[in-house]
Participant: 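Pasting in a structure now, in structure tokens, and then I'll have a few things to ask.
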Amino acid sequence: MPELPEVETVRAGLSTHLPGRVVDRLEFRHPRTSRRQSGAADAPRQDALTGCVLQEPQRRGKYLWVPAGNDDGASVALTAHLGMSGQFRLSEGGSPGPGWERHVRAVLRFRDDGPTLWFVDQRTFGWISVEALQPHSPGECVPPSVAHVARDVLDPLFDADLWNRALRRRRSTVKRALLDQTLQSGVGNIYADEALWRVRLHPDRATGRLTRADAAGLLAAVREVMAEAIAAGGTSFDALYVNVNGSSGYFDRSLAVYGRAGEPCRRCGAPIVRERFANRSSHFCPRCQRRPRYAPAM
DNA sequence: AGACTGACCTGAACGC
DNA sequence: TGCGTTCAGGTCAGTC
């Protein structure tokens with residue numbers, strides 16, 4: 001599933017193929033994929049990209065956007081979220097590759113002979129939209145779809161002190177807080193479980209009872225696991241294809257708890273537990289990550 | 001206002 | 001074999 005490291009790998013892949021290229025047109029192939037495209041009179045339409053030059057792809061958390069414009073600078077952005085199964089693929093010759101043609105949801109064609117960009121998304125949780133870039137903070141513009149998302153944990157402008165206080169002010173549990181993209185972005189179910197294991201925190205620990213040091217340690221663990229995943233993901237993607245398929249080497253070798261229910265904890269040997277959690281699963285070591293004794297949401 | 005749940009979606013894996 | 005069920009989970013509208 002694409003979380004921050006996977007989206008960053010996609011962003012880096014797009015970065016080597018898109019900047020400087022002139023868009024011919026964006027085509028949608030599935031109505032759900034264009035559901036975020038605003039119909040407001042003053043909002044850009046999908047054909048606003050035509051003739052624009054693409055710039056360096058940007059990312060915040062799991063959101064991606066490619067600023068585009070003319071000689072005066074970028075005014076619009078091709079914005080995207082991969083959802084749970086979205087991929088960007090590049091292909092020479094203007095046709096999709098075998099194996100993923102069935103799930104093509106959008107196509108970006110260019111006014112050059114370079115590769116065509118395909119948005120492939122089996123489950124259509126992902127989306128693409130053309131949006132106006134709006135001032136967000138000094139010297140920074142983001143698309144409206146991204147404005148409500150907190151800075152991600154790898155953002156140089158991420159304020160760790162502010163985050164530390166905000167986390168401990170929450171009346172929730174630590175895993176719920178990690179998945180809340182308005183507190184910090186980029187963390188999904190997999191890396192939340194991995195980070196919690198690293199700092200021996202049970203997913204149901206109350207955020208309000210964490211110490212300042214607990215929270216600082218958790219942030220360090222989240223950053224660490226993501227940095228390692230980016231490093232691993234970067235080696236497992238073909239240079240020509242920007243691929244998000246969940247099968248990178250990292251997933252096979254390095255996960256400590258996610259998907260390892262019943263297997264021994266890499267630290268203490270106790271069988272990893274999988275537990276239902278808010279329509280998904282939590283994975284943890286019952287010995288290293290002791291369940292809190294107080295009521296869960298205190 | 002903040003916390004939380006269910007709906008959205010498809011295909012693989014599973015049980016009988 | 002085949003059919004129905006379960007599972008995967010990011011986000012957001014809706015609810016409390």
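Since we're looking at a predicted model, the values are computed, not measured. To find a chain, count down the sequence lines: A is the first, B the second, and so on, and within it residues start at 1.
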Participant: Checking A:R290 now: which residues fulfil side chain to side chain contact (heavy atoms under 4.5 Å, CB included) with it, not counting sequence neighbours?
Facilitator: none
Participant: Which part of the nucleic acid does A:R274 contact within heavy-atom distance under 4.0 Å: base, sugar-phosphate only, or nothing?
Facilitator: sugar-phosphate
Participant: For a quick test of reading the model: is some side-chain N or O of A:S281 closer than 4.0 Å to OP1 or OP2 of C:dA8?
Facilitator: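 Result: yes.
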Participant: Within the 4.0 Å limit for protein heavy atoms, which parts of nucleotides 9-14 of chain B are touched? Write it as a string from 5' to 3', B for base, S for sugar-phosphate only, - for none.
Facilitator: BBS---
Participant: Are side-chain heavy atoms of A:P19 and A:L54 found at a separation under 4.5 Å?
Facilitator: no
Participant: A:R212: what forms a side chain to side chain contact (heavy atoms under 4.5 Å, CB included) with it, not counting sequence neighbours?
Facilitator: A:D161, A:N164, A:R165, A:R168
Participant: What orientation do A:Y63 and A:H81 show, parallel under 30°, tilted 30 to 60°, or perpendicular over 60°?
Facilitator: perpendicular
Participant: For the helix from B:dG2-C:dC16 to B:dC16-C:dG2, how many degrees between its two end axes (five pairs per end), to the nearest 10°?
Facilitator: 50°
Participant: Mind calculating the distance between CZ (A:F277) and P (B:dA3) to the nearest angstrom?
Facilitator: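 It is 13 Å, rounded to the nearest whole Å.
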Participant: Using whole Å, report how far CZ of A:R176 lies from C1' of C:dT11.
Facilitator: 15 Å
Participant: For residues 139-147 of chain A, which side-chain N or O atoms pair as donor and acceptor with protein atoms under 3.5 Å away, sequence neighbours left out?
Facilitator:
unit_1 : atom_1 : unit_2 : atom_2 : d
A:E140 : OE1    : A:S137 : OG     : 2.5
A:E140 : OE1    : A:R151 : NH2    : 2.9
A:E140 : OE2    : A:R60  : NH2    : 3.2
A:E140 : OE2    : A:R151 : NH1    : 3.3
A:S145 : OG     : A:R36  : NH2    : 3.4
A:S145 : OG     : A:E131 : OE1    : 3.4
A:S145 : OG     : A:E131 : OE2    : 2.5

Participant: Mind calculating the distance between CG (A:L64) and P (C:dG10) to the nearest angstrom?
Facilitator: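 So the two atoms are 15 Å apart, to the nearest Å.
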Participant: So, OP1 or OP2 of C:dC12: does either fall under 4.0 Å of a side-chain N or O from A:R36?
Facilitator: yes
Participant: Starting at CZ of A:R280 and ending at P of B:dC8, how long is that distance when rounded to a whole Å?
Facilitator: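 The distance from CZ of A:R280 to P of B:dC8 comes to 16 Å, rounded to the nearest Å.
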Participant: May I ask you to verify if any side-chain N or O of A:S172 is less than 4.0 angstrom from the OP1 or OP2 atom of B:dG2?
Facilitator: no
Participant: C:dT11 C1' sits how many Å from A:E3 CD, rounded?
Facilitator: 14 Å
Participant: Tell me whether A:R291 is salt-bridged to A:D204, with the criterion being a basic N under 4.0 Å from an acidic carboxylate O.
Facilitator: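 Result for this pair is yes, salt bridge flagged.
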Participant: When you check the gap from the basic side-chain N to the acidic O, do A:R59 and A:D152 get nearer than 4.0 Å?
Facilitator: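 The answer is yes: the pair qualifies as a salt bridge.
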Participant: Taking only N/O atoms, report every protein-nucleotides 14-16 of chain C pair under 3.5 Å with atom names and distance.
Facilitator:
none

Participant: Can you check the A:R171 CZ to B:dA3 P distance for me, whole Å?
Facilitator: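 It is 9 Å, rounded to the nearest whole Å.
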